[in-house]
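Taking it in order: structure first as structure tokens, then the write-up.
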Amino acid sequence: MSKPIQNALGLSTLVAMLVALFMVFEWVPTEAEQGIVQRIFYFHVPCAWVAFASFGLVAVAGIFYLWLGGQIWDDLGHAAVEVGMLFCTLVLITGSLWAKPIWGTWWTWDSRLTTTFVLWLMYGGYLILRATAEDTPQVSKFAAVIGIVAALDVPVVIVSVRLWRTIHPAVLVTRQGGHGLEDPRMVATLLVSIAAFTLLFAWLLMLRFAELRMRTRLGALAREIALIRFRAGAA
Amino acid sequence: MEHFGYLFAAYSVIFVAIFLYVGFIWRRQSALEAELRSLERRLAALGGSTGEKESSAHSPS
Amino acid sequence: MAAPVIETHALGKTFGLTPVLRETDFRLAPGHAAVIIGGNGSGKSTLLSILCGLVSPSEGSALVFGEDTRRFSPRYRRRIGMLSHQSFLYPNLTARENLEFYARLYGVSEPRKAADAWLERIGLGESADDRVRTFSRGMEQRLTAARAMIHNPALLLLDEPFAALDSDGIARVKAMIREAADEGCTLVATAHAQLEIEGISFELYEIVRGQVVEYQEKDEARRGGRLRSLLSPRS
Amino acid sequence: MAGYAAIVKKDLMLEVRGGRITTVLVSLALLVLVVLVFAFDRAVAQGPDTAAGALWIALVFAGMLGATRVVLSEQENGCLRALLLSPLDRATIYAAKLTASFGFMVGAAIAATILAMLFFNLEFSMSLAALMLVLILGALGFSALATLLAVIAARARGGELLLPLLIVPLFVPALIAGVKASAAVLSGAALATSRDWVGILIAFDVLFVTAGYLLFEHVVGEE
């Protein structure tokens, strides 16, 4: 992964992010019902999008790792789950900061919050496996399998959680009423933010991936040195 | 400007988290780079290849 | 000459950063027998684990019956018998139940009869209904040997077959191995020092710094020979 | 098929021979129910909702211990390696191990249901059959996951702690559906009213039994 691409991506992320920030704070009209705090939405939703996309990528990388082999897929899955967890955490935090003024509570078992939280738990366990277990091909396979299984679980989680909440009496106003996006400028702002976050996601993923590739190469070099010494009889 | 604090907090959290993450990666990357250079030198001293091929030691069956 | 039963090409295995096997080209023709000599941790067991498909190689490849062990299909596994230093026996089952279980796994016809026949051969007919938990080390070893051969394998991998046997057990297991060899079974055994079974001419190999090479007589004279003469000057 | 039957028969035989899995699971279910009875206010802890919750807590704990133990029992003397060396496919080994752990979980579910009927003063009625069906569906999904992931507990560093951390979040949808359906059934509603929940349970089971069947070969192998 070459440095120029990385830098170009970083630069365009910066520009897109500045444009998005300008639109969020200066350009877009304030939402009538919720007031200024509704602007959290423009970064909250892109965070969620990025988190979902990276969890999807984890599963794809897992499938390729099991199918074709190659440390590169394992590194990709590892980078994706980490970046995904970062954004998933941000979704939960910004969601909380939005819920408090609007719903009067930091946390509610609303269907989307619950789904995000369950995903956070699932991939948190996966990340702990990555972080604590040794870096062996066996653990890479475990990780790939868990990544695939978790992705299979996501639709079931979404359906069951939605059903769980609708059967319960709706205590709180549903969020749909909150952001109808009546102004086209709101839609435009959201789309630009999503684009900016997609770039950010690609950049972060690339950075982390490049680091993991370096680690893999370091391992390969260390193994080669060990093999040369072994051949020479200096065990 | 009601609830401005929440809005500010939300955006700060996002940017602080991202900057910290990028900072950590950059620091680790430069440490790794140094380590890679030293290993490459050691390997060259041992007379091996520069290890361009990726070892297949990590590929699954 | 018939196609070799075992054929490895530049076979290497590294666990983490520790190389165990390297650049091994080893061939064995059908019906032949080989002994691989090496000390503890020399990679003997790893080689056998690769040959039976349990462990996949890091470098190069191993072909057994012409099939890459990385993609070993069930019909090839049926033709291999493995006597490892793990007994693979269930302590809470009786000797007969253990053998019958493995006979069924390997699709042996009339598993009950086969189990009884083998129990007689290894001299455990009277203990057939005792749980393996109550067995002495030697009895367990004999049962382990029968377990490894119950499906009449075409290739028998023996990892230090006589390590824990008393002299009676050694004689019995040797007879079993000889009988298998007479039926055309290919043998690969590992040992600390030379292995002698009457009627079988073993090709001798040793593992030198992770590489399987033909056993050098002059080395024997220098190392083993001198050691032996020191230990038992009269023999 | 013969190999599948042989493994299942062997597991059954081992359990009859004083294997302790049933004992452990039943006493664990008992303990969980006792703890819940004392942890909740007696006045509150009577309804079908509490009983349903208690049953599922017992089921999850029993599964965590029992379903994984069925796979781990093969570790002694390297028997798992022997299974891998045998001509069976990995998928058949998975099916056999799944059958055994599912069997143990169903046993635990039956014991927990009987105990819960006593502790929570539930009516013994036709709803029992519906409740058992729901619990059995849950047990199948849980053992499908646990059998697939149990090897991790043995092979990865810190695996025993990690395993519940991985399984419970994955099991959440089935847990939600199971508790809801059980509570409905226990409060006297027909199973048909929980059709959606049962549907989710069945979908969960199909999905993870299939996934386990296909993916098991990637987790049991060694390096």
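Order of the sequence lines fixes the chain letters, A, B, ..., with proteins taken first and strands second; residue numbering starts at 1 for each chain.
Residue Phe61(D) places its CZ atom among 12 or fewer non-hydrogen atoms of other residues, nucleotides or ligands, all under 6.0 Å distant. Taking a 6.0 Å sphere around CG of Leu161(D), one finds it holds 12 or fewer heavy atoms contributed by other residues, nucleotides or ligands.
Arg131(C) touches chain D through its side chain: at least one heavy atom from C-beta onward sits under 4.5 Å away, while N, CA, C and O do not. Neither the backbone nor the side chain of Leu80(D) comes within contact range of chain C; no heavy atoms are under 4.5 Å apart. If you measure heavy-atom distances from Arg75(C) to chain D, you find no contacts under 4.5 Å at all.
In this structure, Arg77(C) contributes its side chain and Leu88(D) its backbone to a donor-acceptor pair below 3.5 Å. For Arg17(D) (side chain) and Asn92(C) (main-chain N/O), a donor-acceptor pair under 3.5 Å exists by modelled atom type.
In this structure, Phe88(C) and Leu85(D) approach most closely via the heavy-atom pair CE1-CD1, 3.8 Å. Asn77(D) and Leu89(C) get closest at one heavy-atom pair: ND2-O, 2.8 Å. The shortest non-hydrogen separation linking Pro87(D) to Pro74(C) is O-CB, 2.8 Å.
Using a 4.5 Å cut-off on side-chain heavy atoms (C-beta onward), Tyr90(C) and Leu14(D) make contact. A 4.5 Å side-chain heavy-atom check between Ser86(D) and Tyr102(C) finds every atom pair outside the cut-off.
Residue with the most contacts toward chain D among Gln86(C), His85(C), His151(C), Met82(C): Gln86(C) (heavy-atom pairs, distance under 4.5 Å). Contacts with chain C were tallied for Ser73(D), Cys79(D), Ala2(D), Ala6(D); Cys79(D) has the most, counting heavy-atom pairs under 4.5 Å. Counting heavy-atom pairs closer than 4.5 Å to chain C, the top-ranked of the candidates Gly3(D), Gly78(D), Ala5(D) is Gly78(D). Residue with the most contacts toward chain C among Arg81(D), Glu74(D), Met13(D), Glu76(D): Arg81(D) (heavy-atom pairs, distance under 4.5 Å). Among the candidates Gly53(C), Ser84(C), Ser87(C), Ser49(C), the residue making the largest number of heavy-atom pairs closer than 4.5 Å to chain D is Ser87(C).
The pair Lys9(D)-Glu97(C) fails the salt-bridge criterion, with no side-chain N (NZ, NE, NH1 or NH2) lying under 4.0 Å from an Asp/Glu carboxylate O.
Taking CG of Leu93(C) as the start and NZ of Lys10(D) as the end, the distance is 7.5 Å to the nearest 0.5 Å.
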